[in-house]
Amino acid sequence: MKGSSGGAGPERSLGQGTLRALFYLLVAAVLVFTIFPFFWAFVSSIKPDDELFTTPVRYWPGRATLDNYRLVLANGEFQQALLNSVIVAVSVTAVSLAVGSLAAYALGRFRFRGRSVVLYVVLGMTIFPQIAVLGALFEMINFFKLYNQLSALILTYLIFTLPFTVWVLTGFMKAIPREIEEAAYVDGATHWQVFTRVMLPLSVPGMATTGILAFIAAWNEFLFALSFTQTPDKRTVTYAIQAFSTTSSGLYEIPWGQTMAASVVVTVPLVVLTLVFQRRILAGLTAGAVKG
């Protein structure tokens, strides 16, 4: 018995060591898979044009340059696209939080007939791919004469940001102890006062989470921006990057260096935003699901 138990120890340690090695190998593979595209975009953005297509592949430029960044940041159309994206993303985030918090308060704190149906309809709206609703949205945008307006993007982006906001914030509203709400009513507060002075402050983690994710989703959206805007002064950054092209010596040429530089410029703020608020995002996604 002693011999068998003594032999099990090294075997168990060996098995645990193998599992640990496999785990770290998997983590390394995931990191390489997720980080390498951004690394390659950055390296391509600082390469001169004559090094972009050299063989064998060089993973670091022989002559690093910032010319691509200078050209991109000096491009008036790209500057306008950055401003448009900020306006659209901030507006979508603000509207999603304003409307979503009101809807979540009603769905999370009041009992009424059809409440569960409404919740599942809201959840069901998130399963439709954008292409499935594109035709109907295009007809609606034309009917309201919003084509080639930033308001068209703000309105249509709510299709995928608002349901997520309502669903997550409803979980937060449910998780707030009812005794806090009842104490406010006892003190003579109205429903609106309870909502603005009690429920909203307690839902800040959830609002921060949904707000950040709504901003990122609106900032990165491409299909609706391509479909509902036309002129350069109404483009967002994703559309502007796709539209990068130059005509040189009568030949159509895609300026890959500038395209990569623009991609880095657009991506860096989102990476910084996510890293700064990563704990709040994770806490917001899980805290509302603990109760209710």
Side-chain angles (χ1 to χ4, degrees), residues 21-90 130 153 157 212-226 229 232-282:
L22 291 174
F23 172 76
Y24 286 125
L25 182 62
L26 178 61
V27 170
V30 171
L31 287 176
V32 171
F33 182 79
T34 54
I35 295 176
F36 181 77
F38 184 75
F39 167 78
W40 188 249
F42 172 72
V43 169
S44 300
S45 70
I46 60 175
K47 281 184 177 182
D49 292 340
D50 58 351
E51 291 189 24
L52 285 173
F53 303 102
T54 57
T55 54
V57 176
R58 302 179 64 175
Y59 292 94
W60 193 256
R63 297 180 293 106
T65 178
L66 296 177
D67 289 344
N68 292 321
Y69 287 94
R70 295 190 185 97
L71 291 172
V72 166
L73 295 177
N75 188 315
E77 292 184 0
F78 185 73
Q79 294 174 3
Q80 183 63 47
L82 280 173
L83 178 61
N84 292 341
S85 286
V86 170
I87 293 173
V88 170
V90 170
Q130 290 178 308
L153 301 183
Y157 287 4
I212 292 170
L213 296 180
F215 182 90
I216 292 174
W219 183 271
N220 287 331
E221 203 283 327
F222 173 71
L223 180 60
F224 290 171
L226 178 65
T229 58
D233 62 308
K234 302 298 181 182
R235 291 172 179 168
T236 57
V237 287
T238 52
Y239 189 0
I241 291 174
Q242 182 271 338
F244 268 134
S245 63
T246 59
T247 302
S248 177
S249 304
L251 298 176
Y252 182 75
E253 176 188 357
I254 299 178
W256 290 111
Q258 295 180 45
T259 301
M260 294 297 102
S263 300
V264 172
V265 170
V266 171
T267 305
V268 165
L270 300 184
V271 173
V272 173
L273 187 67
T274 303
L275 291 176
V276 170
F277 294 100
Q278 60 177 331
R279 291 186 179 180
R280 188 174 292 274
I281 292 174
L282 293 175

In Å, rounded to the nearest 0.5 Å, how long is the span from [atom1] of [X] to [atom2] of [Y]?
{"X": "R70", "Y": "T65", "atom1": "CZ", "atom2": "OG1", "result": "6.0 Å"}
{"X": "L73", "Y": "L82", "atom1": "CG", "atom2": "CG", "result": "8.0 Å"}
{"X": "L83", "Y": "D233", "atom1": "CG", "atom2": "CG", "result": "11.0 Å"}

For a quick test of reading the model, state the closest non-hydrogen atom pair linking [X] to [Y] and the distance between them.
{"X": "L52", "Y": "K47", "value": "CD2-CB, 3.9 Å"}
{"X": "P61", "Y": "V43", "value": "CD-CG1, 3.9 Å"}
{"X": "V72", "Y": "A261", "value": "CG2-CB, 4.1 Å"}
{"X": "M260", "Y": "S44", "value": "CG-CB, 3.6 Å"}
{"X": "R63", "Y": "D50", "value": "NH2-OD2, 3.0 Å"}
{"X": "W256", "Y": "F53", "value": "CD1-CZ, 3.3 Å"}

Is any side-chain heavy atom of [X] less than 4.5 Å from a side-chain heavy atom of [Y]?
{"X": "W219", "Y": "V237", "result": "yes"}
{"X": "T259", "Y": "I241", "result": "yes"}
{"X": "L22", "Y": "L26", "result": "no"}

Does [X] use its side chain to pair, donor to acceptor, with the backbone of [Y] at less than 3.5 Å?
{"X": "E77", "Y": "A240", "value": "no"}
{"X": "Q80", "Y": "K234", "value": "no"}
{"X": "Q130", "Y": "F224", "value": "no"}
{"X": "T236", "Y": "S85", "value": "no"}
{"X": "T34", "Y": "L31", "value": "yes"}

request  = Go through V266 and F78 one step at a time and tell me if the side-chain contact (heavy atoms from CB on, under 4.5 Å) criterion holds.
outcome  = CA-CA 10 Å; V266 171; F78 185 73; 3.9 Å; yes

request  = Fit a plane to each ring of F42 and W60, take the angle between them on a 0 to 90° scale, and name the class: parallel (under 30°), tilted (30 to 60°) or perpendicular (over 60°).
outcome  =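 It falls in the tilted class, 30° to 60°.
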
task = Quick one: do L270 and N220 satisfy side-chain contact (heavy atoms from CB on, under 4.5 Å)? Show the steps, please.
result = CA-CA 9 Å; L270 300 184; N220 287 331; 3.2 Å; yes

request  = Could you please spell out the steps behind the side-chain contact (heavy atoms from CB on, under 4.5 Å) verdict for W40 and V57?
outcome  = CA-CA 11 Å; W40 188 249; V57 176; 3.4 Å; yes

